[in-house]
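For reference, the structure is listed below as structure tokens.
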Number of protein chains: 2
Amino acid sequence: MQANDCAAALAAAEGLCEARGTRLTELRRRVLEIVCASARPIGAYAILDVLRDDGRPGAPPTVYRALDFLLEQGLVHRLASLNAFIGCSHPAEHHGGQFLICERCGCVGELDSHEVEDGIVRAAAAVGFAARTQMVEILGRCAACRDAPA
Amino acid sequence: MQANDCAAALAAAEGLCEARGTRLTELRRRVLEIVCASARPIGAYAILDVLRDDGRPGAPPTVYRALDFLLEQGLVHRLASLNAFIGCSHPAEHHGGQFLICERCGCVGELDSHEVEDGIVRAAAAVGFAARTQMVEILGRCAACRDAPA
DNA sequence: TGGTGAATGTTATACAGTAACGTGTGTTAC
DNA sequence: GTAACACACGTTACTGTATAACATTCACCA
């Protein structure tokens with residue numbers, strides 16, 4: 001995430017938590033900031049390292065609890081295939097998320113195609129499955145890396 | 001997987017490995033059997049426990065190497081959201097796989113909708129992303145659990 | 001001001017995955 | 001036949017990911 005996007009995400013998070021009556025504490029805010037400041041998905045233990053550099057006490061549960069909150073609020077996403085986290089580009093609308101993961105540069109984009117989402121819901125329904133949430137992670141090459149040699 | 005499906009999967013695996021000139025060793029066959037015999041996705045360490053119950057020596061690499069082989073051959077799938085493995089329903093055709101994970105009973109079905117797959121490739125291409133493989137895991141209620149109370 | 005619940009601190013442990021190296025074993029070339 | 005090789009497996013050790021369980025602190029409200 002770019003620096004200005006990061007500031008915007010933090011501001012949006014403040015507003016959303018305010019509106020929802022949930023508490024974006026100092027720790028949670030700081031974890032969100034760390035995630036958003038990272039250009040690429042960041043792991044929980046990397047977040048923990050940054051917190052420790054801040055001089056905070058900290059153990060894994062510290063980070064995971066903050067991440068659980070941020071996930072619940074839709075402010076960050078977890079990429080299951082990478083065991084890592086990224087800031088959400090559009091936190092206002094809760095969404096499962098479709099992620100474009102570049103195998104070359106490691107960058108991650110959000111797709112959020114309603115067409116894809118609806119297609120999945122329909123295809124699942126056709127076999128009797130009631131879809132609630134979906135996790136779509138797409139590996140390949142981003143536009144910038146698309147034509148680069150292997 | 002049902003018991004008869006399990007036997008069928010093992011037979012199919014034999015045939016495929018034979019045809020491909022790859023070696024379905026005793027260990028690999030046994031790991032496949034354990035995965036297929038499990039009604040639900042099974043973790044690597046649970047597989048290891050079964051191997052040890054068999055009286056085999058064993059350590060994590062034993063299991064992971066067998067699983068790597070089975071994944072390469074398309075005989076099992078890995079569910080990233082669960083860090084667990086399931087037997088493949090249609091091992092003959094290599095496919096990325098779309099999984100229907102029931103939040104109530106824990107069962108997992110394969111969807112394999114070409115429509116969904118193509119939709120994802122198209123939606124990614126529309127934003128300049130060249131999709132290579134995709135991982136789709138859908139959470140919800142299976143047909144049997146669909147109408148059960150929370 | 002004391003009680004309640006939420007958030008955080010802390011310790012310990014379970015689960016997931018891999019690196020590195022050693023050992024057997026079955027080809028294939030000579 | 002046997003040396004050389006590739007492959008599968010054994011073994012040790014370790015890193016990374018995640019959570020359980022319990023203690024403590026803090027904010028808020030009655």
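Because the structure is a prediction, the values reported are computed rather than measured. Every chain is numbered from 1 and lettered A, B, ... according to where its sequence line falls, protein lines coming before strand lines. Only heavy atoms go into these numbers, but all of them, side chains included; no hydrogens, no water, no symmetry mates.
Applying the 4.0 Å criterion to OP1 and OP2 of D/dA18, one finds that A/Tyr64 has a side-chain N or O inside that range. Between A/Asn83 and the phosphate of D/dA18, there is a side-chain N or O to OP1/OP2 separation shorter than 4.0 Å. Dashed line: the shortest gap from a side-chain N or O of A/Thr25 to OP1 or OP2 of C/dT8 is under 4.0 Å.
A donor-acceptor contact under 3.5 angstrom links the side-chain atoms of B/Arg65 to the base of D/dG10.
Rounding to whole angstrom units, CG of residue B/Leu82 and P of D/dT17 are separated by 18 Å. The separation between A/Arg28 atom CZ and D/dC26 atom C1' is 13 Å, rounded to whole Å. Summarising the geometry, the separation between CG on B/Leu67 and P on C/dG17 is reported as 9 Å, rounded to the nearest angstrom. When the P atom of C/dT11 is taken as reference, atom CG of A/Leu48 falls 14 Å away, rounded to whole Å. Rounded to an integer number of Å, the gap from A/Glu26 CD to C/dA7 C1' is 13 Å. In this structure, CD1 of A/Ile47 is placed 10 Å from P of D/dT17, rounded to the nearest angstrom. Per the geometry, CD belonging to B/Gln73 stands 14 Å off P belonging to D/dC7, to the nearest Å. In this structure, B/Arg56 places its CZ atom 18 Å from P of C/dG24, rounding to the nearest Å.
When distances are taken from the side chain of A/Leu27 to each of C/dG9, D/dA18, C/dG17, the shortest belongs to C/dG9.
Within the 4.5 Å cutoff, side-chain heavy atoms of A/Ile120 are placed close to those of A/Val136. Residues B/Val31 and B/Val50 have side chains not in contact (no heavy-atom distance under 4.5 Å, counting atoms from C-beta outward).
Here the shortest heavy-atom pairing between B/Ser81 and A/Met135 reads CB-SD, 3.7 Å. Shortest non-hydrogen contact noted between A/Arg78 and A/Leu71 is N-CD2, 3.6 Å.
Of the residues near DNA chain C, B/Pro60 and A/Thr62, the one whose nearest nucleotide (by heavy atom distance) lies more toward the 5' end is A/Thr62. Map B/Arg23 and A/Pro61 each onto its nearest nucleotide of DNA chain C; the residue landing nearer the 5' end is A/Pro61.
By the stacking rule of 5.5 Å between ring centres and under 30° between planes, B/Tyr45 does not stack on the base of C/dC15.
Using a distance-only test at 3.5 Å, with no hydrogens or angles considered, no donor-acceptor pair links the side chain of B/Arg30 to the main chain of B/Asp54.
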